[in-house]
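Every chain is numbered from 1 and lettered A, B, ... according to where its sequence line falls, protein lines coming before strand lines. As the structure is a prediction and not an experimental result, all values here were calculated from the model.
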2 protein chains.
Amino acid sequence: MVAPSEHSIDTKNRILDAAERLFADKGFDATSLRMITTAAEVNLAAVNYHFQSKETLLQAVYARRSAPVNAKRLELLTQFESSGEPLEVEQILDALIRPLFEIGESRECVPRLMVRLLYLDAHEASRNVFQQQFHQVLIRFQGALRKSLPHLSEKEITARMQFSIGSLAHTMAASRNLQAMPAGGQMKEALPWVLRQLIHYIAAGLRAPALEESACTF
Amino acid sequence: MVAPSEHSIDTKNRILDAAERLFADKGFDATSLRMITTAAEVNLAAVNYHFQSKETLLQAVYARRSAPVNAKRLELLTQFESSGEPLEVEQILDALIRPLFEIGESRECVPRLMVRLLYLDAHEASRNVFQQQFHQVLIRFQGALRKSLPHLSEKEITARMQFSIGSLAHTMAASRNLQAMPAGGQMKEALPWVLRQLIHYIAAGLRAPALEESACTF
DNA sequence: GTCTATAGTACGATAGAC
DNA sequence: GTCTATCGTACTATAGAC
């Protein structure tokens, strides 16, 4: 438990930054430790010293970003709920999505990394860590949505949340395409525009009438 | 241009089948030619004989599935349009989505493979082949949607189509989770249920009122 | 057309000097 | 804590016998 030297912290963060970008861009398997250490301008052996293996490096890369985003989501939702009334669907979605957009503004690769981990880089350990944390967040948000969408069965809420996650994930993964979306707009304006459009779109899908004749079964 | 022997065709298809499943499950980079030839029970050298390289094998794997799905999409859309009237949004979505669900029923890994190629296995050549073909399909469908959604600007239609592709892609990529969605339902019933729910959800999102005060600018 | 054998390369991880 | 050097392994691709 000795405090690491400043240089060590710097090396560690340089590795994390480089790995984050490369894992997001190319994926875990297509990224070698040599590519990471070259980009980070550190020695190859530093990775195995500071992190034990490539796999645990991936976990560290994710852990650094995941906790703040998920914490911010829950914080926003709790804050919105403090009035005691059922929330507008748009508010719930804002709490879920905005933290991801905001971290993407400073480091645009982070949302893409998270999308990869969501269902693609299927390395059991890392994916489980990621998915379990995200699953907890989703359960919390599903509770909020249930109150705002009393016309839907639990089954339908679950399905529509999955559809919504898909819209969000694809939008973040393809954010390069999206930045070109608003014709003539600068990038600074592009992301808020997409965020508003996305929330508006998802809210309409969630609010759609129930498809099933059979009522809520719980 | 000599017709290959039956054995050769068999070997080629065995390789394609094994590669398709492995690329879909583990991704391109995490799949070695040895894994493919072992699963296909063919010799290692057969891959480089029938296909030139691993990269062109991926293109062959995709090409085998892509053409029929995209053709079926366009065929359904043209058929629906034959009446001359603007289509219901649900019909347009059915033409876009149903062919993917149907191929997924016989080979459940195919939709997952397509999702990977959409934005994840970022090998330039293969991805470009895939995306160019899909882009042509999307342009055709965007034309149909434009007629059915006259309240939206071109910009908003483009954005909402991207959101919809995201819902579709995530639903297909996570189809394993989705099969467990309808509680108590067998798998044979699960996919039609998900298909109906998905189309209903996306249609509502597409039909949402325009967000922008500024009118259509074309 | 199918095989064995192997060339040539890149990888993850570690030992050991400093 | 940081480096060089390297071990052992796995990979793609191909040459050449059958």
Query raised in the report: What nucleotide among C:dT4, D:dA13, C:dA13 has an atom nearest to a side-chain atom of B:Asn43?
Result: C:dT4
**Report entry** Interatomic distance, B:Ile36 CD1 vs D:dC11 C1' [rounded to whole Å]
**Finding:** 12 Å
Requested in this report: For the side chain of A:Ser8, starting at C-beta, report the closest nucleotide among C:dG12, D:dC11, D:dG1.
Outcome: D:dG1
Requested in this report: Name the nucleic acid region contacted by B:Thr31, choosing base, sugar-phosphate or nothing; use a 4.0 angstrom heavy-atom cut-off, strictly under.
Outcome: sugar-phosphate
Report task. Could you check which of C:dA13, C:dT2, D:dA13 has an atom nearest any side-chain atom of B:His50? Result -> C:dT2
Query raised in the report: How many Å lie between CG on B:Asp10 and P on C:dG1, as a whole number?
Result: 13 Å
Query - B:Lys26 NZ - D:dA10 P separation (whole Å) - result: 15 Å
Requested in this report: Find which nucleotide of DNA chain D each of A:Arg34 and A:Val42 is nearest to by heavy atoms, and output the residue with the more 5' nucleotide.
Outcome: A:Val42
Report task. Can you tell me the distance, in whole Å, between the CG atom of A:Leu33 and the P atom of D:dC7? Result -> 19 Å
Query raised in the report: So A:Phe23 and A:Phe28, would you call those rings parallel, tilted or perpendicular, with 30° and 60° as cut-offs?
Result: tilted
Requested in this report: Mind calculating the distance between NZ (A:Lys54) and C1' (C:dT14) to the nearest angstrom?
Outcome: 17 Å
Query raised in the report: Going from CG on A:Leu93 to CD on A:Gln91, what distance comes out if it is rounded to the nearest 0.5 angstrom?
Result: 10.5 Å
**Report entry** Nearest-angstrom distance from the residue atom CG of B:Asp29 to P of C:dC11
**Finding:** 12 Å
Query - Under-4.0 Å side-chain N/O to phosphate OP1/OP2 contact, A:Ser32 with C:dA10 - result: no
Query raised in the report: Do A:Arg73 side-chain atoms and A:Ile97 backbone N/O form a donor-acceptor pair below 3.5 Å?
Result: no
Query raised in the report: Do A:Thr11 and A:His50 have side chains that get closer than 4.5 Å, going by heavy atoms?
Result: yes
Between N or O atoms, less than 3.5 Å apart, protein on one side and nucleotides 14-18 of chain D on the other: list the pairs.
none

Requested in this report: Describe, in one word, how the ring planes of A:Tyr62 and A:Phe130 are oriented to each other, choosing from parallel (under 30°), tilted (30 to 60°) and perpendicular (over 60°).
Outcome: perpendicular
Report summary line: A:Lys12 NZ to D:dG1 C1', in whole Å, measures 12 Å
Query - Note: B:Lys12-B:Asp17 ion pair, threshold 4.0 Å (strictly below) - result: no
**Report entry** side-chain N/O B:Thr11 vs C:dT2 OP1/OP2, d < 4.0 Å
**Finding:** yes
Query - Contacts of type side-chain hydrogen bond (donor to acceptor under 3.5 Å, both in side chains), residue B:Arg65, not counting sequence neighbours - result: B:Glu20
